[in-house]
Amino acid sequence: MIVALHSVLRPGMVEEYETRHRTIPDALVATFAKIGIHQWQIWRSDHDLFHLVECDDWGAANVALDTDPANAQWQEWIGVCVDHFAQVGGPGAAGMVLPKVWSLSDQVGA
């Protein structure tokens, strides 16, 4: 599945965020592999960050991340830059699941 997230940086933290987020800890990379997160991409427009996450089960991944020590350390490190995650996907949602409708590469490769 592909999930979209939207987060917002604190004022004046763009450069600091990009510096801190050049890489993530190897322990967190290993956690992602273990819990079925295969790809995570982030794009930025000013203070808005747009995430696309490819994973097996976003709900299960979030439950696992809630108690993962590597994720807790990462959130403490990167959290000084992030103001909040905007709610997407309806009330109580932790992201918006995006079913694929069409892909140029799929069409051209067919």
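Between G79 and R10 the shortest heavy-atom distance is O-NH2, 3.5 Å.
Rounded to the nearest 0.5 Å, atoms CD1 (I37) and CG (L28) are 8.0 Å apart. One distance of note links CD1 of I35 with CG of D68; it measures 7.0 Å at 0.5 Å rounding. Taken from NE2 in H84 to CG in L9, the straight-line distance is 10.0 Å, to the nearest 0.5 Å.
At a threshold of 4.5 Å between non-hydrogen side-chain atoms, the residues V8 and H6 count as touching. The side-chain heavy atoms of C55 and M1, taken from C-beta on, include a pair separated by under 4.5 Å. Looking at heavy atoms from C-beta onward, V53 lies out of side-chain contact with I2 at the 4.5 angstrom threshold. Looking at I42 and Y17, their side chains come closer than 4.5 Å, going by heavy atoms from C-beta outward. Using a 4.5 Å cut-off on side-chain heavy atoms (C-beta onward), D56 and W58 make no contact. At a threshold of 4.5 Å between non-hydrogen side-chain atoms, the residues F50 and L5 do not count as touching.
Shown here is E76, whose CD atom has no more than 12 heavy atoms of other residues, nucleotides or ligands within 6.0 Å. Atom CG of D46 sits in a crowded spot, with more than 12 heavy atoms from other residues, nucleotides or ligands closer than 6.0 Å. Q39 CD: more than 12 foreign heavy atoms inside a 6.0 Å radius.
Proximity of a side-chain donor or acceptor of H47 to a complementary backbone N or O of G12 within less than 3.5 Å is detected. For S103 (side chain) and D106 (main-chain N/O), a donor-acceptor pair under 3.5 Å exists by modelled atom type. Judged by distance alone, with hydrogens and angles left aside, the side-chain atoms of R20 form no donor-acceptor pair with the main-chain N or O of I78 at under 3.5 Å. In this structure, N71 contributes its side chain and L65 its backbone to a donor-acceptor pair below 3.5 Å.
H51 and W40 have perpendicular rings, their planes meeting at more than 60° on a 0 to 90° scale where under 30° would count as parallel.
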Applying ring-ring contact (aromatic ring centres under 6.0 Å, His included) to W74 and H21, what does each step give before you reach the verdict? CA-CA 10 Å; W74 173 250; H21 215 305; 5.0 Å; yes
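F85 and V97 fall within the same hydrophobic cluster, where Ile, Leu, Val, Met, Phe, Trp and Tyr residues are linked whenever their side-chain heavy atoms come under 4.5 Å apart, directly or through other members. L104 and L98 fall into different hydrophobic clusters, where Ile, Leu, Val, Met, Phe, Trp and Tyr residues are linked whenever their side-chain heavy atoms come under 4.5 Å apart, directly or through other members. Hydrophobic cluster membership is shared by W77 and L49, with clusters built from Ile, Leu, Val, Met, Phe, Trp and Tyr side chains linked at under 4.5 angstrom.
Separation of the H38 and F32 ring centroids does not fall under the 6.0 Å cut-off.
The pair E18-R44 meets the salt-bridge criterion, since a charged nitrogen lies less than 4.0 angstrom from a carboxylate oxygen.
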